[in-house]
There are 2 protein chains.
Amino acid sequence: MDTRRVRPNLSLIAARLDVSVATVSNALSGKGRVSPELALKIRSAANDLGYVPTMAGRALRTGRSHVLGLVLPDIANPLFPQIAQAIERAAAEAGYGVLIADSRNEVSTQTEAIGRLLERGVDGIVIVPRRGTRVADIGSPVAVIDSPSTPGNTVSADHWQGGQAVIEHLVALGHRKIVLVGNNPASNVQNDRIGGMKSRLPPGTEARVIWAEKIEAAQGPGAPLGLAALAREGFTACAAVSDLLALRALTELLGAGVAVPEGMSVTGFDDLIWAQAVRPALTTIRMDMPAIATVAVGALTAAIEGGSSGARGPVMAPSPEAGRVPMRLIIRDSSAPPGPAIKTNTANRSSNGGIPE
Amino acid sequence: MDTRRVRPNLSLIAARLDVSVATVSNALSGKGRVSPELALKIRSAANDLGYVPTMAGRALRTGRSHVLGLVLPDIANPLFPQIAQAIERAAAEAGYGVLIADSRNEVSTQTEAIGRLLERGVDGIVIVPRRGTRVADIGSPVAVIDSPSTPGNTVSADHWQGGQAVIEHLVALGHRKIVLVGNNPASNVQNDRIGGMKSRLPPGTEARVIWAEKIEAAQGPGAPLGLAALAREGFTACAAVSDLLALRALTELLGAGVAVPEGMSVTGFDDLIWAQAVRPALTTIRMDMPAIATVAVGALTAAIEGGSSGARGPVMAPSPEAGRVPMRLIIRDSSAPPGPAIKTNTANRSSNGGIPE
DNA sequence: AACGATTGGTTAATCGTTTAATCACCCCCT
DNA sequence: AGGGGGTGATTAAACGATTAACCAATCGTT
């Protein structure tokens with residue numbers, strides 16, 4: 001038995017049934033005029049032979065590769081799995097494959113990556129742009145996933161609303177002095193998140209914003225955020241704009257002897273993999289990636305299949321509301337009402353690190 | 001000015017210079033017989049027009065798409081960015097694009113994903129198989145990245161040696177009672193790592209292995225690993241088989257009042273993004289992904305370009321040594337000599353969570 | 001009964017590239 | 001001078017699918 005069966009093509013089926021390839025093509029695509037009985041025979045023959053249309057042939061003729069490009073910005077963005085998976089799934093559902101390209105966080109590499117995708121004949125591109133870059137007309141439809149406040153943005157999570165939800169949650173728990181932790185003030189996404197947070201601060205509450213990159217620039221990389229000191233000043237909650245920052249805050253607090261959430265509540269953003277792995281599990285807020293991907297891919301395919309009228313640059317979501325997808329708060333164990341200890345954490349603790357001598 | 005310039009093709013160039021398309025093709029590929037002067041003219045004309053060969057046409061004729069498939073197993077594997085980036089880079093260097101497919105951690109989806117890639121005409125597939133699956137002859141070259149002890153493995157990190165390096169490090173620091181933390185005993189990778197660790201235990205040292213999934217199966221999801229209790233038993237170090245487990249261990253210890261690394265050292269595996277973000281920064285061990293990707297892609301392209309003799313199933317690394325890539329220990333702050341506290345961590349700690357009243 | 005409309009199918013061109021086969025020359029050698 | 005051997009280019013056939021144009025029946029109408 002020869003395992004390397006040759007890939008059957010239209011003419012094989014045509015020969016088998018003694019009809020023309022055109023008829024086979026028509027029968028399978030349901031486009032031309034073929035009698036129902038013959039169409040049935042053709043389809044079953046195609047099935048028997050395990051016929052799968054060759055993309056190259058179709059692409060050459062139709063000019064559509066049915067492949068989308070995906071360009072990601074950061075060298076090792078932990079969001080990558082979520083994004084890639086959602087996009088791949090949505091694309092697969094729409095009959096498209098996904099070709100990836102990494103822009104290694106450089107503008108030049110980003111344009112180069114786009115070029116490579118275009119050369120490969122992708123029908124459209126989903127791009128999470130590097131901070132500060134703006135995608136222009138590249139001769140192919142592009143869906144931009146960044147932030148609703150970025151001009152040209154196609155679709156993205158509603159980071160502003162996400163920030164609001166976090167603060168609402170903390171305020172409802174009774175927190176009145178909250179520290180807001182960002183990383184880089186130049187990021188649209190982070191600014192949206194912080195902005196949303198600030199917008200929901202009721203009168204009588206106090207918030208202080210600290211930027212990790214600023215601290216590191218001043219005090220060297222890896223410098224502590226100084227959260228324990230803030231706890232001593234009376235801050236009872238710490239809302240970070242990313243799970244990575246939240247993790248840093250959490251471990252810093254724990255290491256400094258401030259219990260979480262008893263001494264200070266901590267919240268993150270994005271619900272990355274480790275949010276559930278840490279103890280206490282992280283209260284965080286999550287993008288609806290499947291929804292975002294569906295809108296992005298939908299807008300893209302609409303533009304592609306729209307034909308000549310299709311956009312050659314950024315495409316837009318069908319409606320403004322569709323372009324800003326709400327985020328969902330996920331309450332775990334790292335947030336709780338402030339105040340006197342609920343459980344004590346000082347057992348087993350001594351000056352040798354908690355080991356009885 | 002019409003921004004939508006039509007994509008130039010061979011015949012456009014041919015017409016411009018009044019030569020045949022075959023000559024143009026020959027000149028650009030350097031294959032046929034073309035006079036040096038004409039070749040030069042053709043190349044410069046191609047350059048001027050911004051000619052880029054259309055993949056569809058070439059693929060149709062040659063049967064090679066110059067696209068590789070990448071199949072990943074876990075729904076949100078945090079290693080994904082590292083792998084995808086390395087593979088993409090190696091592939092791009094070899095002139096290939098990378099089409100992704102997610103197997104959502106199911107065997108059926110994995111075969112289906114492979115099928116989709118094949119339909120799209122990929123020339124070969126890089127696969128990180130789901131636990132326990134074995135990739136057979138799929139009619140296309142496949143590079144398997146799993147573990148050296150997996151039959152059919154093409155290339156992977158030397159997890160065994162990685163485990164050894166971790167233990168050597170901890171033993172050199174003076175640790176004699178070490179807890180080894182795994183997640184699932186069915187994983188080849190985890191078993192290799194644990195095996196390597198055990199193999200480097202000098203006489204007089206004690207090691208205890210705990211499996212997170214077993215504990216969770218018995219005590220419910222999210223159950224504590226019980227590390228603080230082990231610390232009280234005299235264990236001074238904890239070597240986890242993944243950074244995720246290490247993170248869980250670290251936060252559990254910190255939360256229970258055991259200082260790290262003073263009370264207990266903690267090490268991870270893979271050097272994922274958060275290893276540097278936590279405090280103390282995690283001592284871990286990292287795969288040489290670029291090297292692994294280079295071998296995988298190299299073996300694949302060799303099989304592809306080897307033509308008819310090319311393997312239709314798993315391909316092998318050029319040599320056994322090339323197939324097992326050493327891992328590199330990265331020493332940070334979470335590992336230190338055991339024993340009496342180096343710094344005390346009890347300041348600011350009280351029963352209300354460290355907040356002065 | 002003849003004509004137009006409809007149905008069911010075929011022919012052939014086309015997409016862009018590669019490549020085997022062929023051809024027209026010029027040069028060199030006997 | 002005439003044939004062999006290069007050299008530099010052209011011709012034409014493929015790859016596989018799609019689709020416009022065409023053709024041969026059959027059917028319905030008046």
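Model, not experiment: these values are computed from the prediction. Just so we're on the same page: letters track the sequence lines, and every chain starts at 1.
Remark: side-chain polar atoms of B/Asp123 are paired, donor with acceptor, to backbone N or O of B/Ser65 under 3.5 angstrom. Here the side chain of A/Thr154 pairs no donor or acceptor atom with the backbone of A/Met316 at under 3.5 angstrom. Distance alone, capped at 3.5 Å, is enough to place a donor-acceptor pair between the A/Arg43 side chain and the A/Ala27 backbone.
For the pair A/Tyr51/A/Val24, no side-chain contact is recorded, criterion being any heavy-atom separation below 4.5 Å from C-beta on. Proximity of B/Arg104 to B/Gln110: side-chain heavy atoms (C-beta onward) are nowhere separated by under 4.5 Å. By the 4.5 Å heavy-atom criterion applied to side chains, A/Arg16 and A/Leu49 are counted as neighbours.
For the residue pair B/Ser156 / B/Asp146, no side-chain donor-acceptor distance below 3.5 Å is found, with atom types taken as modelled. Side-chain contact of A/Thr150 with A/Asn188: a donor-acceptor pair under 3.5 Å is present, judged by distance alone.
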Where do N or O atoms of nucleotides 4-8 of chain D meet protein N or O atoms at under 3.5 Å, pair by pair?
| unit_1 | atom_1 | unit_2 | atom_2 | d |
| --- | --- | --- | --- | --- |
| D/dG8 | N7 | B/Arg33 | NE | 3.1 |
| D/dG8 | N7 | B/Arg33 | NH2 | 3.3 |
| D/dG8 | O6 | B/Arg33 | NH2 | 2.6 |

Pairs: protein N or O with nucleotides 19-21 of chain D N or O, under 3.5 Å:
none

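Around CZ of A/Arg89, the count of heavy atoms belonging to other residues, nucleotides or ligands within 6.0 Å does not exceed 12.
Rounded to a whole Å, the CZ atom of B/Arg64 is 14 Å from the C1' atom of D/dC15.
Here chain A contacts DNA chain C (any atom closer than 4.0 Å to a heavy atom, that is under 4.0 Å), and the contacts span C/dT7 to C/dG16 from 5' to 3'.
Salt bridge status for B/Glu37 with B/Lys41: absent, with no side-chain N to carboxylate O gap under 4.0 Å.
Across all strands shown, C/dA1 is found opposite D/dT30 as a Watson-Crick or G-U wobble partner, with both distances under 3.5 Å.
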